[in-house]
Chemist: 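Can you keep this structure in mind? I'll have questions shortly.
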Amino acid sequence: MVVTLIGTGNVGTHLLRALQSAGHETVQLQGRTFRCDDVRGEVVIVCVKDDTIAQVAERLKDTKALVVHTSGSVPLTALPCRRRGVLYPMQTFSKTREVNFCEVPVFLEAENAEDMKLLVRLASTLTRHVQQIDSDCRRRLHLAAVLACNFVNHCYDMAAEVLHDCDLPFSTLLPLIDETARKVHQLQPREAQTGPAVRFDQQVILRQEVMLAGREREIYHLMSENIHDYHDKL
């Protein structure tokens, strides 16, 4: 196919590579400065920040192509276009890190059957994992992804700060992190949970809270309470 990508951020960069690897003819345009005359192809993929999707799509409302966005949290109806859809790749992307796009789950939505067929045909050239879901389900999926990825990574960042104070590298934690990730391939997350909060080991929890300050202490306290409450119901 001929595909136009609007946006040059993390998602746009990886999608461009995946589309080109799959043999598609791809035009990539800047999200803020693109000209409508440069838009070509059967599908236009808008890969810009969530708050600017509607603004960018407004400039595409007269195009005959299928216009799709890549957001997990923005509804299909945010696109004021004749033909509209969603192609949401659920993965964490950084420009400097290669990702095997064939393994990335892609979630699709479209308003009519013909456009869905077109999206399925396109997505199936990029990945083995293609699924159709509606905007509400995708919004919940995105929330789950934020909890499982972005929040967890922020905990890594806080852990790195704690280790920095005693001159230990973050890599010290990698065997623990890797085993934690491997466990949930076989166990449900609640079964895999360990640590002082599950046991409600108050002395350990209090000693560790004292080692933290401000918001980090509050996060530790709330997370410990929440873990205990989850397991107290079992």
Side-chain angles (χ1 to χ4, degrees), residues 9-11 13-14 49-51 70-75 88-107 127-129 131 133-234:
N10 290 331
V11 177
T13 298
H14 283 274
K49 288 194 306 181
D50 287 7
D51 335 4
T70 59
S71 170
S73 60
V74 174
Y88 168 49
M90 192 197 65
Q91 185 54 278
T92 172
F93 295 109
S94 298
K95 284 186 179 181
T96 55
R97 169 119 179 124
E98 288 295 328
V99 168
N100 181 3
F101 214 96
C102 292
E103 298 299 330
V104 175
V106 170
F107 297 88
T127 177
R128 291 178 274 195
H129 308 284
Q131 190 173 338
I133 60 175
D134 63 22
S135 289
D136 183 60
C137 187
R138 189 178 66 257
R139 187 166 52 95
R140 292 173 183 276
L141 176 62
H142 186 252
L143 171 58
V146 167
L147 291 168
C149 173
N150 307 131
F151 283 13
V152 169
N153 192 73
H154 183 60
C155 287
Y156 293 163
D157 199 8
M158 290 193 295
E161 288 293 316
V162 171
L163 291 181
H164 181 265
D165 293 340
C166 57
D167 295 323
L168 283 172
F170 178 73
S171 58
T172 307
L173 296 175
L174 291 180
L176 175 66
I177 289 169
D178 292 343
E179 174 57 17
T180 304
R182 281 192 295 264
K183 274 205 296 188
V184 293
H185 282 263
Q186 297 177 332
L187 302 174
Q188 288 298 309
R190 205 164 293 188
E191 294 177 276
Q193 188 75 56
T194 60
V198 174
R199 303 187 299 268
F200 203 54
D201 194 335
Q202 287 182 294
Q203 294 306 312
V204 174
I205 291 170
L206 289 172
R207 284 196 297 267
Q208 292 187 340
E209 280 186 8
V210 171
M211 296 167 69
L212 298 166
R215 189 165 288 174
E216 284 77 13
R217 182 185 293 183
E218 184 181 351
I219 290 170
Y220 180 97
H221 181 79
L222 288 172
M223 287 283 278
S224 295
E225 274 195 346
N226 210 46
I227 290 169
H228 177 69
D229 288 348
Y230 265 49
H231 288 266
D232 201 34
K233 295 171 189 172
L234 297 178

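The structure presented is a predicted model; accordingly, all values stated were derived computationally and were not measured. For this chain, numbers begin at 1 and follow the sequence in order.
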Chemist: Could you list the residues that satisfy side-chain hydrogen bond (donor to acceptor under 3.5 Å, both in side chains) with Q203, not counting sequence neighbours?
Modeler: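 Q203 satisfies side-chain hydrogen bond (donor to acceptor under 3.5 Å, both in side chains) with no residue once adjacent residues are dropped.
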Chemist: Please list all pairs meeting ring pair (Phe, Tyr, Trp, His ring centres under 6.0 Å) that have one or both residues in residues 168-200, counting only residues at least two apart or in different chains.
Modeler: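 Listed once each, the pairs are Y156-F170, F200-H228.
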Chemist: Please name all residues satisfying side chain to side chain contact (heavy atoms under 4.5 Å, CB included) with P169, sequence neighbours left out, ordered by chain then number.
Modeler: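 Counting only residues at least two positions away or on another chain, P169 forms a side chain to side chain contact (heavy atoms under 4.5 Å, CB included) with S171, T172.
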Chemist: State which residues pass side chain to side chain contact (heavy atoms under 4.5 Å, CB included) with Q188; sequence neighbours excluded, sorted by chain then number.
Modeler: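 With neighbours one apart ignored, the set is E191.
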Chemist: For a quick test of reading the model, state the closest non-hydrogen atom pair linking T127 to C102 and the distance between them.
Modeler: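 Heavy-atom minimum between the residues: OG1-O, 3.1 Å.
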Chemist: Which heavy-atom pair separates P189 from V184 by the least distance, and what is that distance?
Modeler: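 Between these two residues, the closest heavy atoms are CA-CG1, 4.1 Å.
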Chemist: Please tabulate, for side-chain N and O atoms in residues 212-224, each donor-acceptor pair with protein atoms closer than 3.5 Å (sequence neighbours left out).
Modeler:
residue: R217; atom: NE; partner: E209; partner atom: O; Å: 3.0
residue: R217; atom: NE; partner: L212; partner atom: O; Å: 2.9
residue: R217; atom: NH2; partner: L212; partner atom: O; Å: 2.8
residue: Y220; atom: OH; partner: Q208; partner atom: OE1; Å: 2.4
residue: H221; atom: ND1; partner: E209; partner atom: OE2; Å: 2.7
residue: H221; atom: NE2; partner: E225; partner atom: OE2; Å: 3.3
residue: S224; atom: OG; partner: Y220; partner atom: O; Å: 2.9

Chemist: Kindly compute the distance separating CZ (F101) from NE2 (H129), expressed to the nearest 0.5 Å.
Modeler: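 If we round to the nearest 0.5 Å, F101:CZ and H129:NE2 are 11.5 Å apart.
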Chemist: Is any side-chain heavy atom of R207 closer than 4.5 Å to a side-chain heavy atom of M211?
Modeler: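 No; the side chains remain at least 4.5 Å from each other.
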Chemist: Which residues satisfy the side-chain hydrogen bond (donor to acceptor under 3.5 Å, both in side chains) test with R182, sequence neighbours excluded?
Modeler: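 In terms of side-chain hydrogen bond (donor to acceptor under 3.5 Å, both in side chains), with neighbours along the sequence ignored, R182 is linked to E179.
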Chemist: Which pairs pass salt bridge (charged side-chain N to carboxylate O under 4.0 Å, His left out) with one or both residues in residues 159-172, sequence neighbours excluded?
Modeler: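 Those involving residues 159-172 do not exist here.
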Chemist: Check side chain to side chain contact (heavy atoms under 4.5 Å, CB included) between T194 and all other residues, then give those that pass, not counting sequence neighbours.
Modeler: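 With neighbours one apart ignored, the set is K183.
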Chemist: Test: salt bridge (charged side-chain N to carboxylate O under 4.0 Å, His left out). Region: residues 88-99. Which pairs qualify, not counting sequence neighbours?
Modeler: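 Checked against salt bridge (charged side-chain N to carboxylate O under 4.0 Å, His left out) - neighbours excluded - the pairs reaching residues 88-99 are R17-E98.
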Chemist: Report yes if some heavy atom in the side chain of F93 is under 4.5 Å from a heavy atom in the side chain of V99; otherwise report no.
Modeler: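 The answer is yes; the side chains approach within 4.5 Å.
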Chemist: May I have the list of side-chain donor-acceptor pairs in residues 136-147 shorter than 3.5 Å, sequence neighbours left out?
Modeler:
residue: D136; atom: OD1; partner: R139; partner atom: NH2; Å: 2.4
residue: D136; atom: OD2; partner: R140; partner atom: NE; Å: 3.4
residue: R138; atom: NE; partner: S71; partner atom: O; Å: 3.1
residue: R138; atom: NH1; partner: E109; partner atom: OE1; Å: 2.7
residue: R138; atom: NH2; partner: V74; partner atom: O; Å: 2.6

Chemist: Which residues satisfy the side chain to side chain contact (heavy atoms under 4.5 Å, CB included) test with H164, sequence neighbours excluded?
Modeler: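 Result, side chain to side chain contact (heavy atoms under 4.5 Å, CB included) vs H164: none returned.
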